[in-house]
Number of protein chains: 2
Amino acid sequence: MKVAHPAGLRPRKTPRQARSEATVDAIFEATIQVLLTAGARRLTTTRVAERAGVSAGTLYQYFPHKQALLYAVLQQHLETVVQAVEAVCRKCQGQPIARMADGLVTAYVDAKTTRADASRALYLVAAELDTADLLDSISKRIHGATAALLASAEDATFDDLPAVTFTLLAAMAGTVRTVFERSATPHMLLVLRTQLATLCQAYLQAVAAKQAAPPVRRASSGRKVLLPTT
Amino acid sequence: MKVAHPAGLRPRKTPRQARSEATVDAIFEATIQVLLTAGARRLTTTRVAERAGVSAGTLYQYFPHKQALLYAVLQQHLETVVQAVEAVCRKCQGQPIARMADGLVTAYVDAKTTRADASRALYLVAAELDTADLLDSISKRIHGATAALLASAEDATFDDLPAVTFTLLAAMAGTVRTVFERSATPHMLLVLRTQLATLCQAYLQAVAAKQAAPPVRRASSGRKVLLPTT
DNA sequence: ACCTGAACACCGTTCAAGT
DNA sequence: ACCTGAACACCGTTCAAGT
């Protein structure tokens, strides 16, 4: 995958030989390891270089400064999340909004759960970086995919699609983040999955401008019947 | 307000004379100023001391390390938020859930908006700190107040009150945070207020176990009529 | 091409000496 | 009691010298 790097955060040189490629991989892996074992505050370039088995100078041959290194690691992680969201957006095209909400929540939580510890470490690291542009570009891709998904809903249209998409994603991302930042217990993760799905479904149904076809039975109380969280 | 400080983050000494009290105030204010003008990464103890007009040694007389200083500033900000939430929880006792949702969202967003720039700076700073215990204690107070509020709802009860409270708050806090972290435009703030209120109302109505009295008219489509966001 | 490691500037933190 | 500022350890970053 080719990504535009903002000025100053571009890796210093691209490895052209097998040896240097191995070096970069080692530095990369070492960064995650140090992050996980020593924590964000004790992550020093010296420590990373040592763990990767190279000298400090070598590290700086590939990354102009510590920020660029962390940026690269963060970028890889976010790329995983984006691709998971994009995949689910393709998969759920044209389905009812309840299924879309389920799909998005599942994709998002899964993507974070696979490397929950790294996720947590990276949330912390992200703050020490100038990540505005990276987050912007990632957000735009997620926003685009999600807006297209919602527009294709079988049972609803939305008056203000950008605002709805924006809010839905901010709520999802924010809720997941809030939970993961406090090293989530398995129980919290379970609650998160079911409740967040309910929340997203409820929101989408509340702001739906029309329901093209009513494929969802209603309970006598008048409350919505929510699809099961698959 | 008296707050328990976790071991190691306690201010080193309590000012007992007018002179030293002024010193601490100056350090405190200088920290926020440096945070706002220089940013989190360029916030150094030297810079703070300089801006406060004291020597580095003096700063370390009151705070055992940089973390403790930032911790104190963060703590003050969070205290403001908690008190705003607690106030609105008292005010909305016994009202319908739609009004509660509105009240909570308004209180939360207002609390963040009053010092939006400091808020943003502090989100960044929080990551460099060991804030688990502080956030835990703040969360518990907010959770307690909110759970009590929801339990008093005029038109609903909840099967799993802790899970509902937990999710509602994580969604609110997370959404607000996500928006504020990208220096929110006035337009985004407006969208945030209205949409987040809708989202919280929709969620609470979706998980309400019963509606004691139906004071809310229903639209012919079967969708909920949401109370206006005051 | 790629790597090393001594060297430099700067930051967090301390402490003996001042008022 | 409170404050100063020189001093120390450590970290980010560089660069001349090696293979």
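Below, chain A is the first sequence line, B the second, and so on; all start at residue 1.
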* Structure fact -> Ordered by number, residues from residues 39-51 of chain B within less than 4.0 Å of DNA chain C (heavy atoms) are Leu43(B), Thr44(B), Thr45(B), Thr46(B), Arg47(B)

* To do: Report the residues that fulfil side-chain hydrogen bond (donor to acceptor under 3.5 Å, both in side chains) with Thr114(B), sequence neighbours left out, ordered by chain and then residue number.
  =>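 In terms of side-chain hydrogen bond (donor to acceptor under 3.5 Å, both in side chains), with neighbours along the sequence ignored, Thr114(B) is linked to no residue.
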
* **Non-neighbouring partners of Asp110(B) that pass side-chain hydrogen bond (donor to acceptor under 3.5 Å, both in side chains), sequence neighbours left out** =>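 Asp110(B): side-chain hydrogen bond (donor to acceptor under 3.5 Å, both in side chains) contacts with Arg193(B).
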
* **Qualifying residues under side-chain contact (heavy atoms from CB on, under 4.5 Å), relative to Ala56(B), sequence neighbours excluded** =>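 side-chain contact (heavy atoms from CB on, under 4.5 Å) list for Ala56(B), sorted by chain: empty.
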
* To do: Can you sort out the partners of Leu189(B) under side-chain contact (heavy atoms from CB on, under 4.5 Å), two or more places apart, ordered by chain and number?
  =>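 Once residues adjacent in sequence are excluded, the partners of Leu189(B) under the side-chain contact (heavy atoms from CB on, under 4.5 Å) criterion are Thr113(B), Phe180(B), Ala184(B), Leu192(B).
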
* Heavy atom of residues 27-36 of chain B under 4.0 Å from DNA chain D: which residues? -> none

Looking only at side-chain N and O atoms, does [X] come under 4.0 Å of OP1 or OP2 in [N]?
X	N	value
Thr23(B)	dC3(D)	yes
Tyr60(B)	dT13(C)	yes
Tyr62(A)	dC3(C)	yes

* Asked: Should stems be defined as at least three consecutive Watson-Crick or G-U pairs with both distances under 3.5 angstrom, which of them involve DNA chain C?
  ->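 Looking at DNA chain C, the stems formed by three or more consecutive pairs are C:4-8 with D:12-16, C:12-16 with D:4-8.
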
* **Residue pairs involving residues 46-58 of chain A (criterion salt bridge (Lys or Arg N to Asp or Glu O under 4.0 Å); sequence neighbours excluded)** =>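 Every candidate salt bridge (Lys or Arg N to Asp or Glu O under 4.0 Å) pair involving residues 46-58 of chain A fails, so no pair, neighbours aside, qualifies.
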
* salt bridge (Lys or Arg N to Asp or Glu O under 4.0 Å) contacts touching residues 23-39 of chain B (sequence neighbours left out) ->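 Qualifying pairs, neighbours excluded: none.
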
Below 3.5 Å, can you tabulate the donor-acceptor pairs from side chains in residues 161-174 of chain B to any protein atom, sequence neighbours excluded?
| residue | atom | partner | partner atom | Å |
| --- | --- | --- | --- | --- |
| Thr165(B) | OG1 | Leu161(B) | O | 2.8 |
| Thr167(B) | OG1 | Ala163(B) | O | 2.8 |

* **Glu86(B): salt bridge (charged side-chain N to carboxylate O under 4.0 Å, His left out) partners, not counting sequence neighbours** =>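 Expected list: Arg141(B).
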
N/O to N/O distances under 3.5 Å, protein versus nucleotides 4-6 of chain C:
| residue | atom | partner | partner atom | Å |
| --- | --- | --- | --- | --- |
| dT4(C) | OP2 | Ser55(A) | N | 2.8 |
| dT4(C) | OP2 | Ser55(A) | OG | 3.2 |
| dT4(C) | OP2 | Thr58(A) | OG1 | 2.8 |

